[in-house]
Asker: 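Have a look at this one before I ask anything.
Naming convention: chains lettered A, B, ... in sequence-line order (proteins, then strands); numbering from 1 in each chain.
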Number of protein chains: 4
Amino acid sequence: MQDPQDQTPGDGGDSRPRRPEQTRRRTGGRIRSEDAHEQTLLATAALLEEIGYGRLTIEGVAARAGVAKSTVYRWWKSKAALVMDAYGLAVTQRMPEPDSGDCAEDLRIFVRQLYSVVEHPTRAEALRGLMAEAQLDPEFAPRFTEWVRSRRQVVAALLARGAARGELAADLDLEHAVDLVFGPFWYRLLARHLPLDPADASAHVDRLLAGLRAS
Amino acid sequence: MQDPQDQTPGDGGDSRPRRPEQTRRRTGGRIRSEDAHEQTLLATAALLEEIGYGRLTIEGVAARAGVAKSTVYRWWKSKAALVMDAYGLAVTQRMPEPDSGDCAEDLRIFVRQLYSVVEHPTRAEALRGLMAEAQLDPEFAPRFTEWVRSRRQVVAALLARGAARGELAADLDLEHAVDLVFGPFWYRLLARHLPLDPADASAHVDRLLAGLRAS
Amino acid sequence: MQDPQDQTPGDGGDSRPRRPEQTRRRTGGRIRSEDAHEQTLLATAALLEEIGYGRLTIEGVAARAGVAKSTVYRWWKSKAALVMDAYGLAVTQRMPEPDSGDCAEDLRIFVRQLYSVVEHPTRAEALRGLMAEAQLDPEFAPRFTEWVRSRRQVVAALLARGAARGELAADLDLEHAVDLVFGPFWYRLLARHLPLDPADASAHVDRLLAGLRAS
Amino acid sequence: MQDPQDQTPGDGGDSRPRRPEQTRRRTGGRIRSEDAHEQTLLATAALLEEIGYGRLTIEGVAARAGVAKSTVYRWWKSKAALVMDAYGLAVTQRMPEPDSGDCAEDLRIFVRQLYSVVEHPTRAEALRGLMAEAQLDPEFAPRFTEWVRSRRQVVAALLARGAARGELAADLDLEHAVDLVFGPFWYRLLARHLPLDPADASAHVDRLLAGLRAS
DNA sequence: TCGTAAGCGAGACGGTACGTCGCGTCTTGTG
DNA sequence: CACAAGACGCGACGTACCGTCTCGCTTACGA
């Protein structure tokens, strides 16, 4: 979600930028409890597994974590932000940024990884929940969009390299191409009109490449 | 939402599948108040415009409509179902089922219409809200998926006609092709990484057709 | 509750005087369904047994009786009135009006009968419920008070006969004496500080008579 | 309701037995708002005066007190419990526990005080309402019975002192004697067959004493 | 080494909306 | 007309979470 290096030391690596960016005053005061923090994220993950995003509540997370509600609110401003920290990272941030020298291969790797989310139903549900929340919570939407863009960036770079190498059409519309990678994926994930089968990943990429080469 | 022809006359075009299917017992019982019904839908639409899907509440709808909350609950089992009736119809049901004899032209008409939803921000927000709700409310999800399928059917038929006429590749994968029509649209609508511009509709279709012809 | 002879024929013998007393118009119109009536009272009695006065509802009675709610409302204006018909009669109206020639004996018979209500828990609960309702429903209160007076009358007459025969003090305050018969009974029935034991009836009467003879 | 002496200072004299007995954990947690509490009781009392027990609602009390409904429910589990705190105390707790050395005099004082409730119609109605509620709400009944017993205790003690002093029959049945004090009072209060006149208090006591001396 | 400044648990608070229940009324048939 | 069916407006219910707010206690710096 965030590069590890932009973390204020002692900030736990996952707090949202709610605390003033000006390197935090830090003049005395009890230090943040790493434990409370961790328990919160663990409880969130556990509850996501058990009851799903929709029925997750901050109240419930706090109770499960043995943490005060106010402590949760101190570090995360919404359920979505909490879930994003607890799960988003695990789900997708660790996705590869493949660079094999072969654009088709890179794409294949990336898309396979993308589709593999459905093998972890809770992660898939978390993705759905985050997307849903982004529609309903105007404060969360920009943060989600930003995350989407960061994911797009990986694919865009990958395609740009391919185009530079001449593997793809020169006049490629990058943004549109990236939409063709993610669009059908999200659509199936959300609309559920057909199952999202990791086995389809290859076919998806093949058809994609056909279009991108011709252009 | 529903085929216009399966409407019982005087049933307002929005009957819920809650009442026993078809012929409704109809032996005694006060007849359903067309007025209460209509007022509810109008209030829903009005509030959608004013405060948006996220802040819409059944309580608020009932109050605005001058209708008892229990009456709303009698006919709609969730906010999403209510919005679907109040808005879904207006939003998409009236979309065309073009059949000009030219597949490319048909697609263009359909997609243009699809993209035009963003010219009505409230409708766009309603669409987003419904999709979000489908992720959060397991009871609503199937109903939404069904509606998605009905929309897909229109495009599938259109493409099938084109394939039969030889305008498209014979070995066309229909489902995947339909995903390419709707996927990028929904993706942009929901993720907001880039604006959804009706002017892009043509380009979208052109690229689509290129792929579908080659296959 | 009412003498059988004051019934308009065809009026079922237990309807409350809601219909005008002027021997009912009776000019065409469907005749009152004896069956609906009876089923209502039976359902009331059954539900009293099962769930008690407190949780009894007119809605529930109607459903159980297979009768329309409006039919219940047509003949009884409140739950209390309904219960009074369904149960009150059985509970207390059939109590004896003893006249053995011996005032002490008469009292003993009467009080024993009074206390025996606790052997029928449902009846006891109905009595409690009616008393409670009389406190909460101003419309029902007078009807209940009237019934109380009718019960008092029996005892008053009994005592008056005794006084005339010289078995009791001549300067007896009748109303107060009757209060001493019913007061402690109701008090124990309602306050539940001590169980109401039919075996106590004799002791109650004995102490009572001691006081009434001396005066 | 409770002995005045077992009140934690600042606890308003009306603490519910809902919180763990005695010393309350008191490790963290916002302190209970004495103000919210007091406003609730005041609003209850005010509404009792204005609309009476029957039409009192918790919803209404909360609104009037400017307090959240959930706060009311946190401290009182039913309307009856609320009224008992708001009014019961005022009505009867402050009743005297006379000990003049003369049993007859003590009784007279007590009964006069008892009858005087009818001079405050709202209190009388509250008493009726509480008794009614005790019949209808099984959860409340024991609490009410307990209160009744505490009131009886006062009279029992008074009579026991008299008996010890030889003012009353030695073989006095205390429980029955107490029933004779309260029974007729409640009976008249509830059944309304005759008005409850404070002027009758003396006569009531006189007749009572006659019986208790003779026994 | 002490005071000041957090962080933390607990949990009460004012709110908002929920979804349900029963009321008593009404509007439809049908008999 | 009575009756069944059942929809309607209404009002309150009791619950669930929200996000905020004291509390008392603990921890860590910096003066």
Asker: With sequence neighbours left out, write down each residue that passes salt bridge (charged side-chain N to carboxylate O under 4.0 Å, His left out) with C:E49, or none if nothing qualifies.
Answerer: none
Asker: Please name the pair of heavy atoms, one in A:Y87 and one in A:A45, separated by the smallest distance, quoted to 0.1 Å.
Answerer: CE1-CB, 3.6 Å
Asker: If you check the A:V67 side chain, which of E:dG9, E:dA12, F:dC3 turns out closest?
Answerer: E:dG9
Asker: E:dC26 C1' sits how many Å from B:D35 CG, rounded?
Answerer: 15 Å
Asker: Any side-chain heavy atom of C:L41 within less than 4.5 Å of one from C:L82?
Answerer: yes
Asker: To the nearest Å, how far apart are C:W76 CH2 and E:dG24 C1'?
Answerer: 16 Å
Asker: Could you tell me whether the side chain of D:R30 has a donor or acceptor atom within less than 3.5 Å of a complementary atom in the base of E:dG11?
Answerer: no
Asker: Base contacts versus sugar-phosphate-only contacts with protein, heavy atoms under 4.0 Å: please encode nucleotides 12-17 of chain F as B, S and - from 5' to 3'.
Answerer: SBBB-S
Asker: Does a side-chain N or O of A:T71 approach OP1 or OP2 of E:dG7 to a distance below 4.0 Å, or not?
Answerer: no
Asker: Atom CG of C:L136 and atom C1' of E:dC23: how far apart are they, to the nearest Å?
Answerer: 16 Å
Asker: Take atom CZ of C:R64 and atom C1' of F:dA4, then tell me their distance rounded to the nearest Å.
Answerer: 19 Å
Asker: Distance check needed: E:dG24 P versus C:R74 CZ, whole Å only.
Answerer: 16 Å
Asker: How many whole angstroms separate atom CD of A:E38 from atom P of E:dC8?
Answerer: 13 Å
Asker: Between A:W75 and E:dC8, does any side-chain N or O lie under 4.0 Å from OP1 or OP2?
Answerer: yes
Asker: List in chain and number order the residues that pass side chain to side chain donor-acceptor pair (under 3.5 Å) with A:E139, two or more places apart in sequence or in another chain; answer none if no residue qualifies.
Answerer: none
Asker: Round to a whole Å and report the spacing from CG of A:L82 to C1' of F:dG19.
Answerer: 15 Å
Asker: For A:Q135, check side chain to side chain donor-acceptor pair (under 3.5 Å) against everything at least two apart and list the hits.
Answerer: none
Asker: According to side-chain contact (heavy atoms from CB on, under 4.5 Å), who are the partners of D:A68, at least two apart in sequence or on a separate chain?
Answerer: D:S70, D:T71
Asker: Can you measure D:I31 atom CD1 to F:dC21 atom C1' for me and round it to whole angstrom units?
Answerer: 13 Å
Asker: List the residues meeting side chain to side chain donor-acceptor pair (under 3.5 Å) with C:R64, not counting sequence neighbours, and say none if there are none.
Answerer: C:E50
